[in-house]
Each structure stands twice: as structure tokens, then as C-alpha cells.
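Remarks on the structure that follows.
These figures come from a predicted structure and were not determined experimentally.
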Amino acid sequence: MSKGMKRFGKLICLLLVLVLVGVGIYHAYFYFLKKAYPIEYEDIVTQETAKYEIEPSLVYAVIRSESSFRPQAKSTAGAMGLMQLTPETFQWLQTKVNPGEPMDDTALNDPKVNIRYGVYLLSLLRSQYDDETVVLCAYNAGMGNVNKWLKNVETSPDGETLSSIPIEETRNYVDRVLKSKEMYEKLYGDQIQS
């Protein structure tokens, strides 16, 4: 075998090693991304998002941003569970969804209950506001604040969308949820669509 053939063989081996390393890095990258953006509670999310016509990617992004998928999460403001609903909001939502015997606030720690009412709240907000940013602002800061912002020409030139979000926490929240939603769509695509 000539020196040229030996070099060519070594070059081919090196290229194969580089390809295999590259493939391994690619798979590791997506493995770790999927660990950072999980799709837990898939059966519940699929059922509730189909019922209320909400994108699963949005619900996963809200859950990730609100509680990092911890069903027992509780905020300093008293919001509870995966989608961080306040007891007051939960009681109000029950009058719309479950007119029978109301559940107590501890039910918010149940993933099925929390996701059901969180998705229902998103659907109510979506029926009120056409813009996803506005929906997320209302989810985080409340409809009262959002309605004031929409009436103010400094924050809403058209009364339907927001050119700026006055509360920094809400601004950061919306940005975080929208980026997470985009990542869920890239990572999982059709796998999580209703």
C-alpha cells in the first residue's frame, strides 16, 4: 500500500471519528435541551388544551416559567401549583367551570386540577384579548392592569396590543414564556400539538 493510500485511509478514519463525535454532540445537545424543557403531565395537558383550543406549547411554557413543573410550588403572592393560580382566581374559575361544591385551595396542588383551571383561564383570556402578549400580561398582572394599559395611548396605540409593558416583572415574564414556547415548538414540533 502506498503512502498516499495510507494517508487517505487515515484521513477517512479521522473524518468518520469527527462525524461520530459531531452526531454525539448533536444528540447530547438535544438531550439536555429536552431536560431543560420537559413535557411532563402530557396526558392532562393534551386533554385540556384540546378541550379549550389552547396550544400545548403555550401551556408547557407557562408551567415551566411559573413553577418549573413543581406541583407543590407556592409563590410569595400565594399562587399555587404548576400554573400558579391564586386561591381567589381558583374560586372565581370554579363558579364558571364547576358550579357544584367548590374545591378548597389545596386542590391547586393536584396537577390535573391546576392544569385544568390554568388552561381554562388562558382560554378566557384569549377570548378577551386577541394578542398573545396581552393574554400573558393578563395572566401575570391581571385583567384590571391590562385593561388600563390598553386604554392608555402611551402603552397601547390601538387599544388591542401593547407597545410597552409598564411592570418589569410582567415584561420579563412575557419574554420568558414566549421564548420557552418557541423552544417547545422547536424541540417537540407536532409531538405536542393538539
**OP:** Would you mind telling me which of Leu150, Asn152, Thr170, Val174 makes a side-chain contact (heavy atoms from CB on, under 4.5 Å) with Leu162?
**Re:** Leu150
Subject >> Spacing of Ser67 atom OG and Leu85 atom CG [to the nearest 0.5 Å] >> reply: 10.0 Å
Subject >> Glu132 vs Leu58, side chain to side chain contact (heavy atoms under 4.5 Å, CB included): CA-CA, chis, key distance, verdict >> reply: CA-CA 10 Å; Glu132 190 167 61; Leu58 177 63; 3.8 Å; yes
Subject >> Ion pair Arg126/Glu53, N-O distance below 4.0 Å >> reply: no
Original post:
In terms of side-chain heavy atoms, does Thr161 have a donor or acceptor partner in Asp131 at a distance below 3.5 Å?
Top reply: no
Original post:
Is any side-chain heavy atom of Glu185 less than 4.5 Å from a side-chain heavy atom of Tyr60?
Top reply: no
**OP:** Report yes or no: do Asn109 and Thr106 form a side-chain donor-acceptor pair below 3.5 Å?
**Re:** no
**OP:** Report the C-alpha separation of Gln94 and Tyr117 in whole Å, then their side-chain angles, then the decisive distance to 0.1 Å, and conclude whether the side chain to side chain donor-acceptor pair (under 3.5 Å) test is met.
**Re:** CA-CA 8 Å; Gln94 285 186 76; Tyr117 285 90; 4.7 Å; no
Subject >> Reported CZ-to-NZ distance for the pair Arg64 and Lys181, which is rounded to 0.5 angstrom >> reply: 15.0 Å
**OP:** Over all heavy atoms of both residues, which pair between Leu125 and Ala138 is shortest? Give the atoms and the distance, please.
**Re:** CD2-CB, 3.8 Å
Original post:
Is any NZ, NE, NH1 or NH2 atom of the basic residue among Asp175 and Lys179 found under 4.0 Å from an Asp or Glu carboxylate oxygen of the other?
Top reply: yes
Original post:
Are any non-hydrogen side-chain atoms of Val59 and Tyr52 less than 4.5 angstrom apart?
Top reply: no
Original post:
So which heavy atom on Thr49 is nearest to which on Pro56, and how close?
Top reply: OG1-CG, 3.6 Å
Subject >> Any donor-acceptor N or O pair under 3.5 Å, side chains Tyr120, Glu48 >> reply: no
Subject >> Shortest non-hydrogen contact between Leu187 and Lys34, atoms and distance >> reply: O-CE, 3.7 Å
**OP:** Please name the residue in the list Val62, Leu178, Ile165 that meets the side-chain contact (heavy atoms from CB on, under 4.5 Å) test with Tyr173.
**Re:** Val62
Original post:
Under a 4.5 Å cut-off applied to non-hydrogen side-chain atoms, are Lys35 and Tyr31 in contact?
Top reply: yes
Original post:
Atom SG in Cys137, atom CZ in Arg171: separation rounded to 0.5 Å?
Top reply: 10.0 Å
Original post:
Taking all atoms of both residues into account, what is the closest heavy-atom pair of Ala79 and Gln84, and its distance?
Top reply: O-OE1, 3.3 Å
Original post:
With a 4.5 Å heavy-atom cut-off, do Tyr129 and Leu136 have their side chains touching?
Top reply: no
Original post:
Of the non-hydrogen atoms in Pro102 and Gln91, which two are nearest, and what is the gap between them?
Top reply: CB-OE1, 4.0 Å
Subject >> Spacing of OG belonging to Ser65 relative to CE belonging to Met83, to within rounding of 0.5 Å >> reply: 10.5 Å
Subject >> Gap separating the CG atom of Asn147 from the OG atom of Ser156, nearest 0.5 angstrom >> reply: 10.5 Å
**OP:** Of all the heavy-atom pairs spanning Tyr188 and Pro38, show the shortest one and how long it is.
**Re:** OH-CA, 4.0 Å
**OP:** Dump the intermediate steps for side chain to side chain contact (heavy atoms under 4.5 Å, CB included) on Arg116 and Val97, then the final yes or no.
**Re:** CA-CA 10 Å; Arg116 178 181 184 207; Val97 175; 2.9 Å; yes
**OP:** State the CD1-OH distance between Ile115 and Tyr41, to the nearest 0.5 angstrom.
**Re:** 7.0 Å
Original post:
Under 4.5 Å between any side-chain heavy atoms of Glu160 and Val134, yes or no?
Top reply: no
**OP:** Please answer whether the main-chain N or O of Ala77 pairs with a side-chain N or O of Ser75 as donor and acceptor at a distance below 3.5 Å.
**Re:** yes
Original post:
Given the rule in the side chain to side chain contact (heavy atoms under 4.5 Å, CB included) test, do Glu66 and Tyr139 qualify, once you have shown the distances and angles that lead to the verdict?
Top reply: CA-CA 11 Å; Glu66 291 284 1; Tyr139 193 91; 3.5 Å; yes
Original post:
Does the pair Leu93 and Leu124 meet the rule for a side chain to side chain contact (heavy atoms under 4.5 Å, CB included), with working shown?
Top reply: CA-CA 10 Å; Leu93 289 170; Leu124 288 176; 3.7 Å; yes
**OP:** Look at the rings of Tyr37 and Tyr184 and say which category their plane angle falls in: under 30° parallel, 30 to 60° tilted, over 60° perpendicular.
**Re:** perpendicular
